[in-house]
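One structure is given here, and the rest of the page talks about it.
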Amino acid sequence: MSETIRVGLGDRSYDIHVGAGLLARSSELLSPFARGTVPVVTDSHVAKLHLDPLVASLTQAGIKPLPIVLAPGEGTKSFAGLERLTTELLRANVDRGGLIVALGGGVIGDLVGFAAGVLKRGVDFAQIPTTLLSQVDSSVGGKTAINVPEGKNLVGMFHQPRIVIADIATLKTLPRRELLAGYAEVVKYGALGDAEFFDWLEANGAKALAGDAAALTRIVAHSCRMKADIVARDERETGERALLNLGHTFGHALEAATGFSDRLLHGEGVAIGTVLALNLSAKLGLSPQTDATRFAKHLKAVGLPAAIADIPGPRPEADTLIAAMAHDKKVKDGKLTFVLAKGLGHAFTSRDVPLDAVRSVLSA
Ligand code: NAD
Ligand code: GLY
């Protein structure tokens, strides 16, 4: 059982394949793009768990894989990580007709996508995401980046993959906390543009998180379909794509205020941030408070944090969070951009939000 979703971008269109057991038949999906030696870039956690079936599938099909195993963690998404990776790729004689495979979470996908984009002015790459977050979000849409001391994801480019292969069976080995963090991005899709999907998640999300293959395939495929449609209409985020940042302005501020530490994963920040965005929408009279309450209730039911008070350790102050938002890259002409909602499933972008309302939501 697998699903295929097309990202329609003219001659840069590509397919996202979603299903259980796709790694073992990845050569079939990758062979139209593979030439000569194919570097397979991954991190050491993923290498131990999921590299072998991919290497076996490629080898059986006569494709020569070259595994490149990097250290896990955000630190790898850096200039030093980029230098090391591009050096290895150049030593492997990757040329412009070749293909580079990214096997891992968003860290590997973002780094490999960027390296592929700049290597010899652009080499094709394939995304094989192995975290829920990367399957429903980061592997789709062509945003690639590294972190710099000035902030996360500030050096990067748009470079679309040639194919995305999301094998939901790889999620069986993902720590529960990481799985839940990815789920925050899934419920975000419901809140931003599909109230019926949110209804379905309320009834079936826990089943998916318990590993039910049909439910997991549905949540990954549906999320990818929603993102693919938005990216096809607004690849460069000049408008609608910004809706994908629902909960992210608050979420990034919470991540920054907690030092991008283990206290709060990105997805956990998005979970709390989405509740805050819905609370702000209610405060501004745009949507009923019951929507925010219902959304928070579902997050809590599956085990995600839903309020600032759920973050372990000292509570970040409202003014610290507002200052962090002012440094966020979504600031344009000195004004904060928020994604708000006119009820669940109806997000829109606003640059006209009174700071008092933001402060009040952050202090509640
Ligand atoms: P990650 O890549 O760090 O993976 C999380 C952890 O899970 C790592 O320790 C990794 O080794 C491990 N792991 C990965 N797959 C596993 C598996 N199947 N089993 C067991 N362990 C596994 O983190 P992530 O949450 O996937 O991605 C976060 C990154 O994605 C951030 O850098 C963020 O900026 C980026 N991101 C990018 C976009 C985009 O559009 N490009 C969107 C959202 C997030
Ligand atoms: N993660 C937001 C985007 O891809 O635009």
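Start at 1 with the first residue, then count along the sequence. Start at 1 and go down the list; that is how both ligands and their atoms are numbered.
Checking Glu235, Arg12, Gln127, Lys143 one by one against Gln160, the side-chain hydrogen bond (donor to acceptor under 3.5 Å, both in side chains) holds for a single residue, Glu235.
From the protein, the heavy atom lying nearest to atom 1 (N) of ligand 2 is Asp137 OD1, 3.0 Å. For atom 16 (C) of ligand 1, the nearest protein heavy atom (residue, atom name, distance) is Leu174 CD1, 3.6 Å. Nearest non-hydrogen protein atom to atom 5 (O) of ligand 2 is Arg241 NE, 2.7 Å. Of the protein's heavy atoms, Thr130 OG1, 2.7 Å lies nearest to atom 15 (N) of ligand 1. For atom 12 (C) of ligand 1, the closest non-hydrogen atom of the protein is His45 ND1, 4.1 Å.
In the hydrophobic clustering of ILVMFWY residues, with side-chain heavy atoms under 4.5 Å counting as a link, Leu54 and Ile108 come out apart. Under the 4.5 Å side-chain heavy-atom criterion for ILVMFWY residues, a single connected hydrophobic cluster contains both Ile16 and Leu216.
Every residue two or more places apart in sequence or in another chain that forms a side-chain contact (heavy atoms from CB on, under 4.5 Å) with Arg162 is listed here: Phe33, Asp124.
Backbone and side-chain nitrogen or oxygen atoms of Lys227 are examined, and one is located within less than 3.5 angstrom of a nitrogen or oxygen of ligand 2. When only interatomic distances are considered, the shortest N/O to N/O separation between Glu185 and ligand 1 does not fall below 3.5 Å. Between Ser134 and ligand 1, a contact under 3.5 Å exists for no N or O pair. Looking at ligand 1, you'll find an N or O of Gly106 within less than 3.5 Å of one of its N or O atoms. By the 3.5 Å distance cut-off applied to N or O atoms, Thr131 is counted among the residues near ligand 1. Some N or O of Glu74 is nearer than 3.5 Å to an N or O of ligand 1, by distance alone. For Val107, a nitrogen or oxygen atom sits less than 3.5 Å from a nitrogen or oxygen atom of ligand 1, counting backbone and side chain alike. For ligand 1, the polar-atom distance check finds no N/O of Asp137 at less than 3.5 Å from any of the ligand's N/O atoms. Remark: ligand 1 and Thr170 share an N or O pair separated by less than 3.5 Å (distance only, no angle test).
Between Glu3 and Arg218 no salt bridge is recorded (no basic side-chain N to carboxylate O distance below 4.0 Å). In this structure, Arg359 pairs ionically with Asp356, as a charged nitrogen and a carboxylate oxygen lie closer than 4.0 Å.
To the nearest 0.5 Å, the span separating CG on Leu82 from CG on Asn147 amounts to 12.0 Å.
In this structure, the side chains of His248 and Lys188 come closer than 4.5 Å at one or more pairs of heavy atoms.
Between the side chains of Asn153 and Lys77, at least one donor N or O sits under 3.5 Å from an acceptor N or O.
Distance alone, capped at 3.5 Å, places no donor-acceptor pair between the Glu202 side chain and the His298 backbone.
Residue contact check: Lys77 has heavy atoms under 4.0 Å from atoms 31 (C), 32 (O), 33 (C), 34 (O), 35 (C) of ligand 1.
For the pair Glu185 and ligand 2, no heavy-atom separation below 4.0 Å is found.
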